[in-house]
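In what follows, a single structure is set out as structure tokens and then discussed.
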Amino acid sequence: MPESPQRIAILGATGSIGGSALEVIAASLGRLQAVGLTAHSRLAELVEQAKHFRPAWIVGTDETASRAFDWAGIPPACVVKQGMDAVIDAVASPDVDVVLAAIVGSAGLHATWAALAAGKTVALANKETLVMAGGLVTALARRTGATIVPVDSEHSAVWQALQAGRRAEVRRIVLTASGGPFLRHSCEQLSNVTVEEALAHPTWTMGRKITVDSATMMNKALEIIEARWLFDLDVDQIGVVIHPQSLIHGLVEFVDGSIVAQMSCPDMRLPIQYALNYPERREQVSTPFDWSRATSLTLEPPDEERFPALRLGREAARVGGTAGAVLNAANEAAVAGFLEGELRFNEIVPACERVLGHHDFDPNPTLDDLIRLDRWAREEVVRWACA
Ligand code: NDP
Ligand code: MG
């Protein structure tokens, strides 16, 4: 009997990760099936995806836009739903095996939470969920037996490398960072960079928010917090190294000094494919490595004077509690402000630091506390920007 396909719900199907995931599904020879897709603003693109992939349901998460949209053209068997509550219902359905959480920002939290509460396997690209509520999210997964599989390339790499030894044999993990477009910029140069320059990443093509995060290195700060929760490590066991070629994605150093690294061309289709097929490896869908060319790999420590976001990430990972949610929300608001021309590039991290330093820290928050603080931190950034 042919094996039945893994039925995948893609939250954020119209994004960079969502699009790559659909390419992985298209190349899977029927082993993977898209049963549900969501989009927020790009509804015409969602219709095209529905025509091609024939999911059972699609959701326009911006309820007002979705109700106003003309959905003519979607296949007759495809059910159209509106709003985040519809996603929360749909991910818990018995017809879904794996939920790919690829909505950007804290907007992805509720649907990811619902999938974990229903005991699903969650392929997690939406790192902000773990940054915001890692303690509660991992406890929920333990309670329901849900599995969180990393999609973020560094965490996928570490996860793969961890398979070379036992948990107690791990000394540290190291996340690589390309350094982004401003790796060699002076502090003065960093004060004058434009939105266009910040969006021109040297090695990865991604959504706008994570591309700006890569340029400030806040992305790596968020990834430290993500790794702390995913792998249950002490923050001092999580290192960061600059690797501009983006070929090594993550490393694990074991107690005997052995370092095991995962390498591949910078192409998100590989970690997505691994997450959706885990524990199987499938035929390559991603860019092949060119073994005929001489290749240099360089590793260097990050400069935290010019990129202070890393320090904030480590601090938030160390203290836990409400710090991750506040840092994440402040960063989302500051990045939005930068993209809209209201904040300068080199004000993003100071805005986050200020809001983090001024918040009412709680070591044991509830989910409602975190959601309230998320809102507060965004308002604080706007106040700070207008002051
Ligand atoms: P994109 O901006 O390309 O896509 C975001 C997706 O989320 C889109 O489908 C968008 O819908 C949807 N969306 C946006 N706002 C909302 C909202 N308020 N409610 C519901 N859905 C919404 O982002 P990426 O694909 O780059 O990133 C997605 C996640 O994956 C992020 O958490 C990022 O950190 C993580 N990630 C991304 C990587 C990458 O290579 N891109 C690498 C590692 C992690 P629409 O477009 O229709 O408005
Ligand atoms: Mg990453």
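- Remark: Glu188 CD is loosely packed, at most 12 non-hydrogen atoms of other residues, nucleotides or ligands lying under 6.0 Å away.
- Here Leu339 contributes atom CG and Thr211 contributes atom OG1; the two are 9.5 Å apart, rounded to the nearest 0.5 Å.
- Taking the centre of each ring, Trp159 and Tyr278 come in below the 6.0 Å mark.
- Seen from the ring of Tyr274, Arg281 counts as a face-on cation partner, given the 6.0 Å and 45° thresholds.
- In this model, no donor atom of one side chain and acceptor atom of the other lie less than 3.5 Å apart for Thr366 and Asp368.
- Note on Ile242: it clusters hydrophobically with Val158, by side-chain heavy-atom contacts below 4.5 Å among ILVMFWY residues.
- Remark: the backbone N or O of Asn277 is not paired with any side-chain donor or acceptor of Glu280 at under 3.5 angstrom.
- Under 4.0 Å is where a charged nitrogen must lie from a carboxylate oxygen, and between Arg375 and Glu379 no such pair does.
- Side-chain contact, Asp213 with Asn331: a donor N or O sits under 3.5 Å from an acceptor N or O.
- Between the side chains of Glu223 and His155, not a single donor N or O lies within less than 3.5 Å of an accepting N or O.
- Side-chain N/O atoms of Asn328 and Glu332 include a donor and acceptor closer than 3.5 Å.
- More than 12 non-hydrogen atoms from other residues, nucleotides or ligands lie less than 6.0 angstrom from CZ of Arg167.
- Counting only distance, with no hydrogens or angles, the side chain of Asn126 and the backbone of Gly105 share a donor-acceptor pair below 3.5 Å.
- For the residue pair Thr322 and Asp362, no side-chain donor N or O sits within less than 3.5 Å of a side-chain acceptor on the partner.
- Between Arg208 and Ser16, the side chains place no donor N or O within less than 3.5 Å of an acceptor N or O (distance only, hydrogens not considered).
- Put simply, Val80 and Val59 are part of two different groups of oily side chains (I, L, V, M, F, W, Y) that touch within less than 4.5 Å, one to the next.
- Here the side chains of Asp97 and Ile8 are not in contact, with every heavy-atom distance at 4.5 Å or above.
- With rounding to the nearest 0.5 angstrom, the CD atom of Glu169 is 11.0 Å from the CG atom of Leu162.
- A donor-acceptor contact under 3.5 angstrom links the side chains of Ser178 and His201, judged on distance only.
- Under the 4.5 Å side-chain heavy-atom criterion for grouping Ile, Leu, Val, Met, Phe, Trp and Tyr, Val96 is not connected to Ile10 through any hydrophobic cluster.
- Note on Ile58: it does not cluster hydrophobically with Leu11, by side-chain heavy-atom contacts below 4.5 Å among ILVMFWY residues.
- Note: Cys78 SG to Trp71 CH2 = 8.5 Å, rounded to the nearest 0.5 Å.
- For Asp360, the CG atom counts as loosely surrounded, since its 6.0 Å shell holds 12 or fewer non-hydrogen atoms of other residues, nucleotides or ligands.
- Taken to the nearest 0.5 Å, the CG atom of Leu310 stands 5.0 Å off from the CD atom of Glu304.
- With hydrogens and angles left out, the side-chain atoms of His249 and Thr176 include no donor and acceptor closer than 3.5 Å.
- Using a distance-only test at 3.5 Å, with no hydrogens or angles considered, no donor-acceptor pair links the side chain of Ser156 to the main chain of Asp152.
- With a 4.5 Å cut-off on side-chain heavy atoms, Met263 and Leu297 count as touching.
- Looking at residues two or more places apart in sequence or on another chain, you find a ring pair (Phe, Tyr, Trp, His ring centres under 6.0 Å) between Phe182 and His185, Phe345.
- Donor-acceptor pairing under 3.5 Å is lacking for the side chains of Gln245 and Thr203.
- Two residues are said to be in side-chain contact when any heavy atoms from C-beta on lie closer than 4.5 Å; Leu124 and Val149 fail this criterion.
- The environment of His110 atom NE2 is sparse: at most 12 non-hydrogen atoms of other residues, nucleotides or ligands sit within 6.0 angstrom.
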